[in-house]
Amino acid sequence: MALSYLLGAAGICALMFKHSLGVNILLTGIAGLGSISASLILTGYLATWYPGASRAAATGWALSFARIGAMSGPLFGAWIAGSGLALSWNFAAFALVSLVAALAVLLLPRR
């Protein structure tokens with residue numbers, strides 16, 4: 001999962017630079033695979049990590065935090081875009097978020 005988040009960060013960073021349409025589509029797919037898909041896999045991992053008695057609550061909490069990110073992400077991007085910074089700052093900021101997610105996954109305790 002951490003590798004997927006790192007792959008997503010690399011895809012997002014690569015989108016900062018000018019590419020052909022085909023390469024941009026490929027990079028967008030890599031960024032999506034490394035962010036959205038990794039988050040879905042992480043939810044499945046959490047469902048198997050917790051004991052059966054608390055599995056539903058743990059998964060619900062994880063999805064609640066994911067919703068907070070889904071709501072605050074566009075606001076964060078809009079704040080960066082509205083601040084007058086270059087467009088590349090948006091990509092760098094979201095790549096940083098993906099790197100933080102990779103680090104958080106690496107810090108998950110092993111069973």
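Residues take their numbers from the sequence shown, with the count starting at 1.
Rounding to the nearest 0.5 Å gives a distance of 15.0 Å between CG of Leu96 and CZ of Phe91. To the nearest 0.5 angstrom, Ile25 atom CD1 is 12.5 Å from Ile30 atom CD1. Rounding to the nearest 0.5 Å gives a distance of 9.0 Å between CG of Leu27 and OG of Ser20. Of the inter-residue distances, the one linking Leu15 atom CG with Asn90 atom CG reads 11.5 Å to the nearest 0.5 angstrom.
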Please tabulate, for side-chain N and O atoms in residues 60-70, each donor-acceptor pair with protein atoms closer than 3.5 Å (sequence neighbours left out).
from: Ser64; atom 1: OG; to: Gly60; atom 2: O; distance (Å): 2.8

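Summarising the local packing, CD1 of Ile36 is surrounded by 12 or fewer heavy atoms from other residues, nucleotides or ligands at distances under 6.0 Å.
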Q: Could you give me the CA-CA distance, side-chain angles and deciding distance for Leu3 and Leu7, then say whether side chain to side chain contact (heavy atoms under 4.5 Å, CB included) is met?
A: CA-CA 6 Å; Leu3 185 60; Leu7 187 64; 5.7 Å; no
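Looking at Tyr5 and Leu42, their side chains come closer than 4.5 Å, going by heavy atoms from C-beta outward.
The hydrophobic cluster containing Leu87 also contains Leu85, counting ILVMFWY residues as joined when their side-chain heavy atoms lie under 4.5 angstrom apart, directly or transitively. Under the 4.5 Å side-chain heavy-atom criterion for Ile, Leu, Val, Met, Phe, Trp and Tyr, Met16 and Trp89 are members of the same hydrophobic cluster. Grouping the Ile, Leu, Val, Met, Phe, Trp and Tyr side chains by contacts below 4.5 angstrom, directly or via other members, places Leu33 with Leu26.
Of all heavy-atom pairs between Cys13 and Ala95, the closest is SG-CB, 3.4 Å. Of all non-hydrogen atoms in Phe17 and Asn24, the two that sit nearest each other are O-OD1, 4.5 Å. Here the closest heavy-atom approach between residue Tyr50 and residue Ala58 is recorded as CD1-CB, 3.3 Å. Taking each heavy atom of Ser98 and Gly8 in turn, the nearest pair found is OG-C, 4.0 Å. Of all heavy-atom pairs spanning Ile41 and Met1, the tightest one is CG2-CG, 3.9 Å.
Under a 3.5 Å cut-off, the side chain of Thr48 and the backbone N or O of Tyr45 do form a donor-acceptor pair.
Applying the side-chain hydrogen bond (donor to acceptor under 3.5 Å, both in side chains) test to Ser35 and every residue at least two apart in sequence or in another chain returns nothing. Residues forming a side chain to side chain contact (heavy atoms under 4.5 Å, CB included) with Phe76 (at least two apart in sequence, or on another chain): Trp79, Ile80, Ala93, Phe94.
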